[in-house]
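Data first, discussion second: the structure below is written as structure tokens.
Please read all numbers here as calculations on a predicted model, not as lab measurements. Values below: all heavy atoms of this structure, side chains included; hydrogens, waters and symmetry mates excluded.
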Amino acid sequence: MRLDPNHPRPTLQRPGWRSLEGHWDFALSEAEAPGGVRFDRKILVPFPPEAPGSGVGEAWVGVAWYRKVLRAKPRPGRRLFLRFGAVDYRAEVFVNGVRVLEHEGGHTPFGLDLTPFLERPVEVLVRAEDDPLDPEAPRGKQALGEPGGIFYPRTTGIWQPVWLEWVPESHIAALRLTPDLKALGFHLEVQAHGEGEAVEVALFPGVRGEAPLGEAPWLEARFPLLGGRASGFLGLPAKGNPEGLLWRPETPVLFPLRLRLLSGRRVLDEVYSYGGLREVAAQKGVFLLNGEPYFPRLVLDQGLWPEGHLAPPSLAALRRDAALAKALGFNGVRKHQKVEDPRYLHLADRLGLLVFAEMPSFFRFSPKAARRYLAELAEALERDRNHPSLVAWILFNEGWGLTPWRAETLAFLQGAFLLARALDPTRLLVDNDGFEHGPFWDLLTVHDYAPPEVLARRYGEGLPEAPMGRPLALAGLPPGVRPFLSEFGGLRLKGPGPGWGYREAEGEEAFLREALRYLETACGSRLSGFCYTQLYDTFQEENGLLDFWRRPKVPPERVRAFLEGCEARRLLAE
């Protein structure tokens with residue numbers, strides 16, 4: 001048995017799941033109930049109807065209806081769950097004409113139990129509503145109105161995997177792993193439903209790449225269930241140097257896990273997961289990985305594709321994006337204004353790629369916007385908690401939806417930070433990426449699209465007061481803080497067409513030289529890390545190192561060779 005890289009929920013897997021990707025019946029209708037909806041076309045799920053890959057290609061969608069007829073016979077002692085990775089923005093699910101579920105939030109998962117409906121064919125209808133002009137919904141880079149500038153075509157409806165899963169009546173429902181470097185192991189919390197007296201956990205030897213479960217476990221432990229919950233500690237049987245057990249981009253060690261729900265000696269359920277032993281912290285803006293200063297060399301990755309918009313065309317496309325970032329010499333990515341498909345995080349775990357995750361912004365603050373944002377934030381934090389590659393959450397970007405600053409928006413910025421810290425204290429937090437940081441932050445991130453020579457002056461010593469005309473902080477900063485240059489570059493290879501970049505270079509060699517000048521400045525300045533804009537072009541924004549179809553504009557090996565010397569150049573600048 002191997003952990004399945006295709007599994008839509010990588011950190012809690014059961015064998016035998018069934019994908020529902022493929023053609024569904026589809027309709028565009030403002031109807032609020034199924035009666036009268038005429039399914040007059042097909043859509044290829046999970047591509048959104050705005051994207052070419054869907055076969056629909058509608059630019060302006062407010063409400064979309066989906067239909068799928070499922071045939072499954074009841075299985076004694078098991079329940080059939082229908083699960084959705086993400087549906088943008090508000091989803092209602094009807095089963096055999098009955099409304100059974102509603103979910104709000106375009107980037108987080110939900111599901112329902114189909115078991116009571118299995119005596120006959122099951123008609124599943126999904127009504128997805130996504131107001132194109134709603135500024136109070138977390139929408140990220142999806143344009144309010146027509147795309148242009150830094151905003152792109154919209155994504156409505158199903159855009160992440162949909163699948164069926166047979167689950168025992170008594171089953172493991174959730175797993176939380178918290179690495180502990182001092183104790184050299186994992187704190188574990190398991191939630192279970194139904195019967196069960198204990199959870200047996202088997203931890204297998206650490207591996208890199210694919211995680212096989214065929215060999216004997218390193219250790220096995222049994223934790224009693226009390227009120228449906230079990231908790232305990234899994235200590236690693238360290239031999240020799242414990243450094244070889246730690247997860248980092250250079251050595252992404254993962255420990256496969258097998259969890260069994262037990263009643264006496266009877267196995268009621270069995271699931272598979274994995275963990276990575278790593279910790280992150282920050283001191284005066286300096287990023288610490290496993291207790292040591294570490295210099296993140298990130299590239300901005302917006303998670304968009306020509307054929308799918310927010311939806312990747314395949315798992316291979318996700319793998320290619322992660323591999324290209326590594327091939328160019330970056331050790332991490334900032335996933336911009338999107339909660340990415342968890343399969344990408346699984347690939348980053350395996351390949352060794354730091355991920356700075358980012359919540360999509362709303363664009364007008366109100367109590368409704370606050371409620372929506374916080375609910376989706378809590379779901380995203382819970383979904384991605386066990387991925388070692390995910391080392392930081394960016395809560396807001398450039399004050400979008402919060403400016404002009406008022407007492408209520410500043411209070412909301414602080415409250416969101418404290419909530420995220422309470423729900424997941426294991427990761428770094430950026431309160432407002434770019435400028436105008438509030439009183440709580442771990443990394444002092446800065447956006448600055450000035451030319452390289454200007455950046456060299458600004459970040460050679462001290463901190464600039466107002467890059468791009470915006471103050472770095474809403475209040476004073478403690479002395480000695482190192483900034484993290486989280487957006488810079490934006491260089492376009494000059495060519496025909498209406499695309500744009502922050503600056504342009506004519507010819508591939510000139511483009512490469514200028515891109516390396518930007519990276520040289522970031523490596524040689526007194527920064528705590530950087531994120532270059534960007535990995536690939538996105539629609540009209542043509543400032544990537546690759547084009548939108550992921551074809552390199554520069555030889556990746558030349559950029560990689562340059563960045564591999566980044567640490568040495570950075571130390572010389574100290």
- Task: Say whether E487 and Y449, considering side chains only, have a donor N or O and an acceptor N or O under 3.5 Å apart.
- Result: yes
- Query: Taking R385 for the side chain and A380 for the main chain, is one N or O donor matched with an acceptor at less than 3.5 Å?
  - Reply: no
- Task: Using ring-ring contact (aromatic ring centres under 6.0 Å, His included) as the criterion, list what pairs up with W305, not counting sequence neighbours.
- Result: none
- Task: Please lay out, stage by stage, how E358 and K141 fare under the test salt bridge (charged side-chain N to carboxylate O under 4.0 Å, His left out).
- Result: CA-CA 12 Å; E358 183 174 342; K141 287 291 199 88; over 6 Å; no
- Geometric cation-pi criterion, R297 with F330: 6.0 Å, 45°: no
- Query: How about N432 and H437: does a side-chain donor come under 3.5 Å of a side-chain acceptor?
  - Reply: no
- Query: Is there a side-chain contact between L516 and R513, using heavy atoms and a 4.5 Å cut-off?
  - Reply: no
- Message: How long is the straight-line distance from OG of S389 back to CG of L353, given to the nearest 0.5 Å?
- Response: 7.5 Å
- Message: Can you tell me how far apart CZ (R372) and CG (L377) are? Round to the nearest 0.5 Å.
- Response: 15.5 Å
- Taking every heavy atom of A322 against every heavy atom of L351, the minimum-distance pair comes out as CB-CD1, 3.7 Å
- Is there a donor-acceptor contact under 3.5 Å from the side chain of T409 to the main chain of T403? no
- Item | Y152 side chain to Q540 side chain, donor-acceptor N/O pair below 3.5 angstrom | no
- Query: How many angstroms lie between atom CG of L443 and atom CG of L429, to the nearest 0.5 angstrom?
  - Reply: 9.0 Å
- Can you establish whether the number of heavy atoms outside E32 located under 6.0 Å from its atom CD is more than 12? no
- Message: Tell me every residue that passes salt bridge (charged side-chain N to carboxylate O under 4.0 Å, His left out) with R67, counting only those two or more places apart in sequence or in another chain.
- Response: D25, E123
- Task: Please name the pair of heavy atoms, one in P452 and one in R503, separated by the smallest distance, quoted to 0.1 Å.
- Result: CD-NH1, 3.4 Å
- Can any side-chain N or O of R482 pair as donor or acceptor with the backbone N or O of G529 at less than 3.5 Å? no
- Nearest-0.5 Å distance that lies between atom CG in L402 and atom OG in S361: 7.5 Å
- Task: Classify the side-chain pair E50/H309 by whether it contains a donor and acceptor separated by less than 3.5 Å.
- Result: no
- Message: With a sphere of 6.0 Å drawn around NZ of K326, does it hold more than 12 non-hydrogen atoms of other residues, nucleotides or ligands?
- Response: yes
- Tell me yes or no: between the side chains of Q534 and D301, is some donor less than 3.5 Å from an acceptor? no
- Item | Side chains of D130 and V61 in contact at under 4.5 Å (non-hydrogen atoms) | no
- Side-chain donor-acceptor pair present, Q13, H346, cut-off under 3.5 Å: no
- Working to the nearest 0.5 Å, report the span between CG of L374 and CE of M359. 8.5 Å
- Assess whether ring pair (Phe, Tyr, Trp, His ring centres under 6.0 Å) is satisfied between F295 and F287, documenting all intermediate values. CA-CA 7 Å; F295 193 74; F287 183 91; 9.9 Å; no
- Task: Check the side chains of T155 and D88 for a donor-acceptor pair under 3.5 angstrom, ignoring hydrogens and angles.
- Result: no
- Message: When you compare the side chain of V430 with that of F484, does any pair of heavy atoms fall below 4.5 Å?
- Response: no
- Query: E508: what forms a side chain to side chain contact (heavy atoms under 4.5 Å, CB included) with it, not counting sequence neighbours?
  - Reply: L493
- Are any of the side-chain heavy atoms of R320 and L315 separated by less than 4.5 Å? no
- E102 atom CD, neighbour heavy-atom count above 12 within 6.0 Å: yes
- Message: Is it true that, when you exclude R41 itself, more than 12 heavy atoms of the residues, nucleotides or ligands shown sit nearer than 6.0 Å to its CZ?
- Response: yes
- Message: I'd like to know if the side chain of S29 and the backbone of A31 have a donor-acceptor N/O pair within less than 3.5 Å.
- Response: yes
- Query: Can you say whether the rings of F362 and F396 are parallel (under 30°), tilted (30 to 60°) or perpendicular (over 60°)?
  - Reply: perpendicular
- Message: Within the supplied structure, the quantity of interest is the number of heavy atoms (other residues, nucleotides, ligands) at a distance under 6.0 Å from R18 CZ; does it exceed 12?
- Response: no
- So, for H387 and T11, which heavy atoms are closest and what is the spacing to 0.1 Å? CE1-CG2, 3.6 Å
- Could you check whether the rings of Y502 and W500 sit parallel, tilted or perpendicular, using 30° and 60° as the cut-offs? perpendicular
- Closest heavy-atom pair, T426 versus V280, reported as atoms and distance to 0.1 Å, is O-CG2, 3.4 Å
- Item | Sidechain-backbone polar pair: D431 side chain, W441 backbone, donor-acceptor under 3.5 Å | no
- Please determine if K335 forms a cation-pi arrangement with Y344, meaning its NZ or CZ atom is less than 6.0 Å from the six-membered ring centre and no more than 45° off the ring axis. yes
- Message: Nearest 0.5 angstrom please: L472 CG to F435 CZ, how far?
- Response: 9.0 Å
- Query: For Q302 and Y536, does a side-chain donor sit closer than 3.5 Å to a side-chain acceptor?
  - Reply: no
- Is the closest side-chain donor-acceptor distance between W405 and E436 under 3.5 Å? yes
- Message: Just to verify, which of R154, E376, E129 counts as forming a side chain to side chain contact (heavy atoms under 4.5 Å, CB included) with Y89?
- Response: E376
- Do side-chain atoms of K338 reach the backbone of G303 as a donor and acceptor pair under 3.5 angstrom? yes
- Query: Which of parallel (below 30°), tilted (30 to 60°) and perpendicular (above 60°) describes F110 and F84?
  - Reply: parallel
- Query: Can you name the closest pair of heavy atoms from P296 and L354 and give their distance?
  - Reply: CB-CD1, 4.2 Å
- Message: Please give me the minimum heavy-atom distance between K42 and V56, naming the atom from each residue.
- Response: O-CG2, 3.7 Å
- Query: Taking C-beta and beyond as the side chain, do F488 and V446 meet within less than 4.5 Å on heavy atoms?
  - Reply: no
